[in-house]
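Both backbone and side-chain heavy atoms feed into the values below; hydrogens, waters and symmetry mates do not.
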Amino acid sequence: MLRIAVPNKGSLSGPAAEMLHEAGYQQRRESKELRIVDPENEVEFFYLRPRDIAIYVSSGKLDIGITGRDLLIDSGAKAEEILPLGFARSTFRYATKPGTASGVQDLNGMTVATSYEGIVAQHLADHGIDASVVHLDGAVETAIELGVAEVIADVVETGTSLRNAGLEVIGEPIMKSEAVVIRRTGGDADESAESKVQQFLRRLQGVLVARTYVMMDYDCRVEQLEKAVALTPGLESPTVSPLHNEGWVAVRAMVPAKEAQRIMDDLYDIGARAILTTAIHACRL
């Protein structure tokens with residue numbers, strides 16, 4: 001069986017379980033379950049702390065895992081990202097009191113407090129900055145007020161908590177993170193295991209596409225077909241079928257969900273009618 005690590009809690013857990021369910025895999029019914037077997041799909045899921053997943057995968061005990069890109073890099077584990085999943089997005093940045101520094105180039109000799117010392121230490125080294133890194137768990141905003149550090153490095157979403165603490169974001173983002181599928185770097189998988197990994201990735205990719213696209217159907221006059229097809233080229237090309245009424249055709253194509261309303265307006269303007277969109281629940285490309 002394919003052995004897969006899944007986050008057991010936090011912002012990664014719920015969306016990961018939802019995506020796996022949409023991909024056709026069984027998921028645990030209770031949060032206390034640490035392991036379940038999906039015999040129909042020949043998969044065994046292990047529910048682990050998100051910070052530990054890269055370590056387990058790099059050891060070779062588990063084939064693949066779902067974790068955050070930030071946690072993967074911070075762990076220093078010999079594991080690599082093989083598929084971004086598009087959820088749990090975050091931006092990692094430096095912050096400090098106004099007037100202390102304007103960017104990473106000003107951090108020489110300072111102390112940076114963070115929960116992600118691996119990421120920060122590597123980022124400072126990449127920029128040739130000689131600064132100390134202090135590891136703190138949980139909220140790090142108070143580190144400056146208590147004199148533990150002059151600068152913090154943390155995940156920034158709206159920046160509200162930083163402003164409330166009298167801090168400001170400085171410099172360019174350290175990194176941008178999201179949920180990713182990972183596997184052991186340089187691991188030699190047998191043919192059967194590799195086939196299961198590729199099948200797993202295809203299923204998740206199918207979910208990602210299904211979430212991103214909708215199916216659009218409409219009728220249009222033959223003389224407007226080229227303009228219509230230019231608006232809805234589809235992934236390969238649209239399906240075009242003649243209608244009973246001469247001079248009319250029915251068109252079907254996948255279109256980006258976020259552009260669907262604009263495309264419907266444009267199709268209507270060139271004379272298309274009976275324009276419909278339907279959700280895509282699964283697909284293979």
Side-chain angles (χ1 to χ4, degrees), residues 2 4 6 11-27 29 38-43 45 64 66 69 81-90 157 176-181 194-285:
L2 193 66
I4 302 175
V6 183
S11 62
L12 292 165
S13 179
E18 182 180 352
M19 177 171 280
L20 291 169
H21 176 73
E22 289 182 38
Y25 294 103
Q26 293 182 25
Q27 288 297 286
R29 296 180 180 179
D38 181 351
E40 184 176 343
N41 291 300
E42 298 183 330
V43 173
F45 291 104
I64 52 180
I66 295 175
R69 182 181 294 132
E81 174 183 332
I82 55 176
L83 179 67
L85 297 178
F87 63 85
R89 288 191 171 102
S90 61
E157 295 181 0
K176 293 187 177 182
S177 182
E178 64 182 293
V180 296
V181 180
E194 182 60 26
S195 175
K196 289 184 175 66
V197 169
Q198 294 306 315
Q199 180 187 69
F200 178 80
L201 295 177
R202 283 194 299 271
R203 286 195 182 193
L204 294 190
Q205 287 168 331
V207 172
L208 291 172
V209 173
R211 290 177 172 182
T212 307
Y213 286 83
V214 295
M215 188 65 73
M216 186 171 288
D217 293 90
Y218 58 91
D219 301 338
C220 77
R221 297 284 305 178
V222 171
E223 55 266 28
Q224 298 298 328
L225 181 58
E226 291 305 314
K227 290 182 180 179
V229 168
L231 292 170
T232 60
L235 296 186
E236 302 294 340
S237 65
T239 299
V240 180
S241 306
L243 293 177
H244 179 71
N245 289 340
E246 187 175 351
W248 284 82
V249 292
V251 183
R252 163 170 278 201
M254 290 173 63
V255 301
K258 65 182 181 181
E259 299 177 19
Q261 293 296 330
R262 177 189 60 78
I263 293 172
M264 293 175 78
D265 291 338
D266 292 343
L267 287 171
Y268 192 89
D269 288 343
I270 65 172
R273 294 296 182 266
I275 309 168
L276 308 173
T277 62
T278 53
I280 301 170
H281 296 291
C283 69
R284 298 290 184 276
L285 301 180

(request) Output the distance between atom CG (Leu276) and atom CZ (Arg252), rounded to the nearest 0.5 Å. (result) 9.5 Å
(message) Quick check for you: to the nearest 0.5 Å, what is the distance between Thr278 atom OG1 and Asp217 atom CG?
(response) 6.0 Å
(message) For Gly24 versus Asp38, what's the shortest heavy-atom pair and its separation?
(response) O-OD2, 4.3 Å
(message) Let me confirm one number: the CE-CZ distance from Met19 to Arg211, rounded to the nearest 0.5 Å.
(response) 4.0 Å
(request) In sequence, state the C-alpha distance, the side-chain angles, and the governing distance for Leu267 and Val251, and then conclude on side-chain contact (heavy atoms from CB on, under 4.5 Å). (result) CA-CA 11 Å; Leu267 287 171; Val251 183; over 6 Å; no
(message) If you count every heavy atom of other residues, nucleotides or ligands that lies below 6.0 Å from Gln198 atom CD, does the total exceed 12?
(response) yes
(request) Please report the shortest heavy-atom distance between Leu85 and Leu204, naming the atom on each side. (result) CD2-CD1, 4.0 Å
(request) Taking all non-hydrogen atoms of both residues into account, name the closest pair between Leu20 and Val6 and its distance. (result) CD1-CG2, 3.9 Å
(request) Locate the shortest heavy-atom distance separating Pro84 from Arg69; write the atom from each residue and the value. (result) CB-NH2, 4.1 Å
(message) With a 6.0 Å cut-off (strictly less than), is the heavy-atom count around CD of Glu246, excluding the residue itself, greater than 12?
(response) no
(message) With side-chain contact (heavy atoms from CB on, under 4.5 Å) as the criterion, how do His21 and Glu18 come out once you've worked through the C-alpha distance, each side chain's angles and the decisive distance to 0.1 Å?
(response) CA-CA 5 Å; His21 176 73; Glu18 182 180 352; 5.7 Å; no
(message) Testing the basics here: between Pro233 and Ala230, what is the closest heavy-atom pair and its distance to 0.1 Å?
(response) CD-O, 3.7 Å
(request) For the pair Tyr25 and Phe45, name the ring-plane relationship: parallel under 30°, tilted 30 to 60°, perpendicular over 60°. (result) perpendicular
(message) Could you walk me through whether Lys176 and Arg89 satisfy the side-chain contact (heavy atoms from CB on, under 4.5 Å) test, starting with their C-alpha distance in whole Å, then the side-chain angles of each, then the deciding distance to 0.1 Å, before giving a yes or no?
(response) CA-CA 7 Å; Lys176 293 187 177 182; Arg89 288 191 171 102; over 6 Å; no
(message) Is it the case that over 12 heavy atoms from other parts of the model lie below 6.0 angstrom from the CZ atom of Arg29?
(response) no
(message) Does Glu178 form a side-chain contact (heavy atoms from CB on, under 4.5 Å) with Phe87? I'd like the steps, not just the answer.
(response) CA-CA 6 Å; Glu178 64 182 293; Phe87 63 85; over 6 Å; no
(request) Might you confirm whether atom CD of Glu42 has over 12 heavy atoms from other residues, nucleotides or ligands at distances under 6.0 Å? (result) no
(request) Mind checking the OG1-CE spacing from Thr239 to Met215? Nearest 0.5 Å is all I need. (result) 7.5 Å
(message) Let me confirm one number: the CZ-CD1 distance from Phe200 to Ile4, rounded to the nearest 0.5 Å.
(response) 4.0 Å
(message) Are the side chains of Val249 and Cys220 in contact, using a 4.5 Å heavy-atom criterion?
(response) yes
(request) Only one of Lys196, Gln26, Arg203, Gln199 passes side-chain contact (heavy atoms from CB on, under 4.5 Å) with Asn41; say which it is. (result) Arg203
(message) Let me confirm one number: the OG-CG distance from Ser177 to Leu12, rounded to the nearest 0.5 Å.
(response) 8.0 Å
(request) Would you verify whether the NZ or CZ of Arg273 falls within 45 degrees of the ring axis of Tyr218 while also being under 6.0 Å from that six-membered ring's centre? (result) no
(request) Quick one: closest heavy-atom pair of Ile280 and Ala210, and the distance? (result) O-CB, 3.1 Å
